[in-house]
Structure formats: structure tokens, C-alpha cells
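All remarks here apply to the structure that follows.
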Amino acid sequence: MGKGKTILVVDDDPETRTMLREMLEPQGYAVVLAEDGVEALNKLEKSKFDLVLMDLAMPRMDGIQATREIRLRSYGSKLPVVAISAHTSGTAEEEAFDAGMDGYLRKPFTRDLILLEIRRQFGG
């Protein structure tokens, strides 16, 4: 399914990063981890990614600001960015889409929900 696709997982919670890696790698995705928006931007400058799963609330640089920065860069116009957040308010979701995110998943999420959203982002 995910053969040849690389996903950047950005979340300040190590358990969430590990859980997402364990969900995605068996599906054939290569997974790279970052703990905040600053680290994510550094990794995006050095490597090509097919999709970003981005937490909203993180130290140093949150997911909203990181997504805004991604959209300003040459690689960022077509890169799908999906929010993963514990925020349940409609305002958080609206802010995520306003920043340029392409999807929004609420924590806790299931493996099936994550995979469904990734397939949707890849046009399948």
C-alpha cells in the first residue's frame, strides 16, 4: 500500500510518535519522526516527504505555525499536511485548515482512520 511513500510524523509526545510508526511501517510506509515544528522544518529542508502528520500543540513551534512555514516554501505547495490533535473544538479545526492543512484527525484515532485519511490524501 505505502510502497515508496515517506511520511513525516510530527508530535511532541514520544508515545504518539512510536504508535504512529508502528501503525504505518507495516503498511509499507517509511516513517521519519520529529518532535516539534522546528525539527520538522529542518527535516523537510533535507529530505523529500510525501505527507506530514502534524500535531497542533507542541513546544518551540506548534503545528499551525509550522504548516504556515511549510506553505511558504517551494516544496510546500503540494505537500499534504494532516493535523492530528486532541483539540475537539471547531475553532482548532478551522484554524488548522486556515493555516493550510489538508485534513484533520482527532486523538485518539484508530489505525483504520489514519490509513483511510492517508489514502484519501494520496487520492485513493
Side-chain angles (χ1 to χ4, degrees):
M1 179 195 319
K3 201 123 183 109
K5 302 272 190 200
T6 303
I7 297 175
L8 178 60
V9 172
V10 188
D11 199 301
D12 60 323
D13 178 42
E15 288 178 24
T16 301
R17 290 194 307 267
T18 300
M19 178 183 61
L20 283 164
R21 172 182 268 163
E22 290 171 355
M23 287 178 178
L24 298 173
E25 285 181 341
Q27 301 301 315
Y29 295 106
V31 177
V32 176
L33 306 176
E35 64 183 40
D36 61 32
V38 173
E39 187 178 356
L41 290 172
N42 288 336
K43 289 180 186 267
L44 285 162
E45 288 294 326
K46 295 176 182 151
S47 302
K48 181 189 176 298
F49 293 91
D50 298 292
L51 183 130
V52 179
L53 293 175
M54 179 83 72
D55 186 21
L56 294 186
M58 297 179 288
R60 289 204 303 169
M61 181 185 291
D62 67 22
I64 299 294
Q65 184 59 41
T67 300
R68 286 187 179 121
E69 290 293 324
I70 288 168
R71 294 301 180 221
L72 294 174
R73 308 207 177 178
S74 59
Y75 58 78
S77 64
K78 294 187 172 140
L79 178 65
V81 179
V82 176
I84 48 173
S85 179
H87 295 288
T88 56
S89 76
T91 346
E93 192 169 342
E94 187 177 317
E95 191 177 4
F97 285 115
D98 286 349
M101 291 188 175
D102 302 289
Y104 193 96
L105 293 169
R106 286 181 180 83
K107 295 177 184 176
F109 42 77
T110 63
R111 177 173 100 33
D112 289 345
L113 196 57
I114 286 282
L115 294 175
L116 182 66
E117 180 62 25
I118 289 170
R119 279 193 296 272
R120 188 178 78 76
Q121 294 298 326
F122 290 147

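Computed from heavy atoms alone, side chains included, the values below leave out hydrogens, waters and symmetry copies.
Rounding to the nearest 0.5 Å gives a distance of 11.0 Å between CG of N42 and OG of S47. Once rounded to the nearest 0.5 Å, the distance linking CG of L79 with CD of Q121 reads 10.0 Å. A distance of 10.0 Å separates CE in M23 from CD1 in I118, rounded to the nearest 0.5 Å. For the atom pair CD1 of I84 and CG of D13, the computed distance is 9.5 Å after rounding to the nearest 0.5 Å. One distance of note links CG of L8 with CG of L41; it measures 9.5 Å at 0.5 Å rounding.
Heavy-atom contacts from other residues, nucleotides or ligands closer than 6.0 Å to CD of E45 number more than 12.
Annotation: side chain of Y29 is in contact with side chain of L115 (closest heavy-atom distance under 4.5 Å). At least one side-chain heavy atom of L33 sits under 4.5 Å from a side-chain heavy atom of R21. Using a 4.5 Å heavy-atom threshold, the side chains of L116 and F109 count as separate.
Minimum interatomic distance between M101 and T67 (heavy atoms only, all atoms of both residues): CE-OG1, 3.0 Å. The minimum heavy-atom distance between A83 and A96, with the atom names listed, is CB-CB, 4.3 Å. In this structure, A66 and M54 approach most closely via the heavy-atom pair CB-CE, 3.8 Å.
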L56 and Y104: CA distance, side-chain angles, deciding distance, side-chain contact (heavy atoms from CB on, under 4.5 Å) verdict | CA-CA 10 Å; L56 294 186; Y104 193 96; 3.7 Å; yes
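Pairs passing the salt bridge (Lys or Arg N to Asp or Glu O under 4.0 Å) check and including a residue from residues 99-118, sequence neighbours excluded, read D11-K107, D55-K107, R71-D102, E93-R106, E117-R120.
Between P80 and the options L51, V52, I7, D50, a side-chain contact (heavy atoms from CB on, under 4.5 Å) holds for only L51. Checked options V10, V81, L24; the residue passing with L53 is L24 (criterion: side-chain contact (heavy atoms from CB on, under 4.5 Å)).
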What donor-acceptor contacts under 3.5 angstrom involve side-chain atoms of residues 58-65, with partners at least two apart or in another chain?
unit_1	atom_1	unit_2	atom_2	d
R60	NE	D36	OD2	2.7
R60	NH2	D36	OD1	3.3
R60	NH2	D36	OD2	3.1
D62	OD1	I64	N	3.1
D62	OD1	Q65	N	2.8
Q65	NE2	E69	OE2	3.1

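Hydrophobic clustering of Ile, Leu, Val, Met, Phe, Trp and Tyr side chains at less than 4.5 Å, counting indirect connections, unites L105 with F122. Hydrophobic clustering (side-chain heavy atoms under 4.5 Å, transitive across Ile, Leu, Val, Met, Phe, Trp, Tyr) groups V82 together with V31. When hydrophobic clusters are built by joining Ile, Leu, Val, Met, Phe, Trp and Tyr residues whose side-chain heavy atoms come closer than 4.5 Å, directly or via intermediates, Y75 is grouped together with V38.
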